[in-house]
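Numbers here simply count residues along the sequence, with the first being 1. Worth saying up front: this structure is predicted, and the values here are computed from it rather than measured.
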Amino acid sequence: MTKKEVIIDKYKKFVMPTYIHTSVVFVKGKGARIWDTEGGEYLDFFPGWAVSGLGHCHARVVSAIKKQAEKIIHVSNNYYNELQPELAEKIVCHSFEGKVFFANSGAEANECAIKLARRYGNPSGRYEIITMEESFHGRTIATLTATGQDKVKHGFEPLLEGFKIVPFNNIDAVKNAITDKTIAVMVEPIQGEGGINVAGKSYIKELRKLCDGKDMLLIFDEIQTGMGRTGEMFCYKHYDVQPDIMTLAKSLGGGVPIGAAIAAKRVADVLTPSSHASTFGGSPIVCAAAIATFEAIEKEKLLDNAKKMGEYLRSRLEDLKKDFSFIRGIKGIGLMLGVELSIGGTNIFEKCFKNKLLINCTQDKILRIMPPLIVKKSDINRAVGIIKQAMKSESGS
Ligand SMILES: Cc1ncc(COP(=O)(O)O)c(C=O)c1O
């Protein structure tokens, strides 16, 4: 058996079969490139489902992890550590005045947001949270209940009480769903899993007004859109509207597992000592990696690069429309783009993979393309060439 076959065989024996795997074992990554066991080099335009936003093994992150690993890896949250408040300050300085809770994943960050909302609403007997169709908020029981896609819920019933799911980008649907039990509205500024559906500017502004008028909390799930992905540090900055709670994970740690919920002070302080916790949350090693991630974005001007390269990638993808009538449009902001097709996208996705380009296909007809913030024009040219080739064979031309 080859090394690859041995690894896959062990997966089948010892790892729960919760994922659909593409048949490749990756062993090394650097920047926008990743290598398999046979030495095959791939261009990665969907690095780690948006986790490796700086590209693989960014030098600043690697060096921060190495340095911290030699000092101290974990400190219990019953003691202080040097790095947790430094990271919290960085997040707050880049977003809004508030306080941060650290967790280990996106689902946990959203759990914290849900718990904050419930505690905040508890004195007035309010606990219902309105979320959106096609949304994705995680796989814990609370966050899969909040998610607006039935496929993640199947077989896990009974689900949690207190969530109402309404059509996305429809302010009247939100208004109609509000009851005297509603405490919050939770929304992704751009639905990632849902198919790169961008929230309208007036919709987000109306949501803010609605929440202000009824003392409800506006929660932005920025787990996929955050950390420069759209050319702003956080996507909500495109909207000139501030949330009461924002959740982060994925690329926050430059590749290591971390989640965070940031809440305005009046909301944050409802979580009193012992009301919420995470054993691993905010440990020095992940905080060091996340601080290095912020530094990389700031010092290497990666927001500018995301804006410029996002425009360039979008224009190259728009060009493809001339050749392929099955492209319905290009959606998204910055480096979070979706190519909407009128045909299924799986074949194109698979052909790209064969030609050593990693992208994603979501909701069957959306090619999701999210290169790292460090991406160069030459990488984009190569990637678009591979996508074009894959589309050509699909259209038979
Ligand atoms: C918008 C959004 N929220 C939450 C999550 C869940 O994050 P995790 O898989 O880290 O729990 C995801 C993951 O894809 C996501 O895209």
Side-chain angles (χ1 to χ4, degrees), residues 18 49-51 100-121 127-170 173-174 177 182-199 203-204 207 211 216-227 229-230 234-236 243-252 257-263 267 276 278 281 336 360 362-363 366 368 370:
T18 59
W49 288 73
V51 164
V100 182
F101 176 83
F102 289 107
N104 315 289
S105 67
E108 284 171 272
N110 282 338
E111 283 278 345
C112 178
I114 292 164
K115 285 181 77 174
L116 274 163
R118 285 192 168 207
R119 266 254 168 152
Y120 185 81
Y127 58 90
E128 275 176 8
I129 299 176
I130 297 173
T131 65
M132 307 305 150
E133 286 177 8
E134 313 302 338
S135 62
F136 186 85
H137 297 298
R139 301 280 188 163
T140 61
I141 287 292
T143 57
L144 74 79
T145 306
T147 291
Q149 303 188 47
D150 286 343
K151 64 181 181 197
V152 305
K153 307 183 183 195
H154 182 66
F156 298 115
E157 300 84 0
L159 301 179
L160 202 64
E161 202 193 324
F163 291 90
K164 278 199 175 166
I165 298 174
V166 302
F168 183 58
N169 261 335
N170 181 337
V174 178
T182 311
I183 189 56
V185 177
M186 184 163 169
V187 63
E188 295 155 84
I190 304 176
Q191 294 185 328
E193 296 295 305
I196 313 289
N197 306 319
V198 181
Y203 173 66
I204 292 288
L207 282 181
C211 289
M216 300 187 322
L217 303 176
L218 183 58
I219 305 171
F220 285 160
D221 177 339
E222 291 244 21
I223 285 162
Q224 199 163 135
T225 52
M227 300 306 288
R229 173 54 51 199
T230 65
F234 304 113
C235 185
Y236 79 81
D244 301 297
I245 302 174
M246 172 175 75
T247 54
L248 299 173
K250 291 208 187 267
S251 61
L252 173 59
I258 181 170
I262 303 90
V267 182
H276 195 47
S278 164
M336 184 166 182
N360 172 258
T362 187
Q363 303 295 324
I366 312 289
R368 187 164 33 157
M370 295 175 57

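The main-chain N or O of F136 is never found under 3.5 Å from a side-chain atom of Q191 such that the two would form a donor-acceptor pair. Proximity of a side-chain donor or acceptor of S135 to a complementary backbone N or O of G148 within less than 3.5 Å is detected. E157 places a side-chain N or O within donor-acceptor distance of the main-chain N or O of G155, the cut-off being under 3.5 Å.
The structure places CZ of R119 at 11.5 Å from SG of C112, a figure rounded to the nearest 0.5 Å. We find the CD1-CD1 distance between I130 and I219 to be 11.0 Å, quoted to the nearest 0.5 Å. Expressed to the nearest 0.5 Å, how far NE2 of H137 lies from CG of D221 amounts to 5.5 Å. Taken from OG1 in T182 to CD in E128, the straight-line distance is 5.0 Å, to the nearest 0.5 Å.
Nearest heavy atoms, L116 versus A263: CD1-CB, 3.8 Å. L217 and A117 get closest at one heavy-atom pair: CD1-CA, 3.8 Å. Between N169 and V198, the closest heavy-atom pair is ND2-O, 3.0 Å. For the residue pair C235 and T225, the shortest heavy atom distance occurs at CB-CB, 3.7 Å. Closest approach of L160 and A142 over heavy atoms only: CD2-CB, 3.7 Å. Closest approach of Q363 to G195, counting heavy atoms only: CG-N, 3.9 Å.
With a 4.5 Å cut-off on side-chain heavy atoms, E222 and F234 count as touching. Contact check for M186 versus F220: no side-chain heavy atoms found under the 4.5 Å cut-off. Side-chain contact between Q224 and R229 is absent, with no heavy-atom pair separated by less than 4.5 Å. In this structure the side chain of E193 reaches within 4.5 angstrom of the side chain of W49, judged on heavy atoms.
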Query raised in the report: Do R118 and I183 pass the side-chain contact (heavy atoms from CB on, under 4.5 Å) test, and can you show the C-alpha distance, the side-chain angles, and the key distance before you say yes or no?
Result: CA-CA 7 Å; R118 285 192 168 207; I183 189 56; 5.6 Å; no
Report task. Carefully, step by step, assess V174 and M132 under the rule side-chain contact (heavy atoms from CB on, under 4.5 Å). Result -> CA-CA 9 Å; V174 178; M132 307 305 150; 4.1 Å; yes
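Put simply, the residue from I114, I223, T143 that forms a side-chain contact (heavy atoms from CB on, under 4.5 Å) with T247 is I223.
Partners of E161 under the side-chain hydrogen bond (donor to acceptor under 3.5 Å, both in side chains) rule, at least two apart in sequence or in another chain, are Y127. Taking the side-chain hydrogen bond (donor to acceptor under 3.5 Å, both in side chains) definition, one finds that N104 meets it with E108, S278, sequence neighbours left out. Residues satisfying the side-chain hydrogen bond (donor to acceptor under 3.5 Å, both in side chains) test with Y236, not counting sequence neighbours, are none. Checked against side chain to side chain contact (heavy atoms under 4.5 Å, CB included), I165 has the following partners two or more places apart in sequence or in another chain: T131, E133, K153. Shown here are the side-chain hydrogen bond (donor to acceptor under 3.5 Å, both in side chains) partners of K164, two or more places apart in sequence or in another chain: there are none. Partners of V51 by side chain to side chain contact (heavy atoms under 4.5 Å, CB included), not counting sequence neighbours, listed by chain and number: K250.
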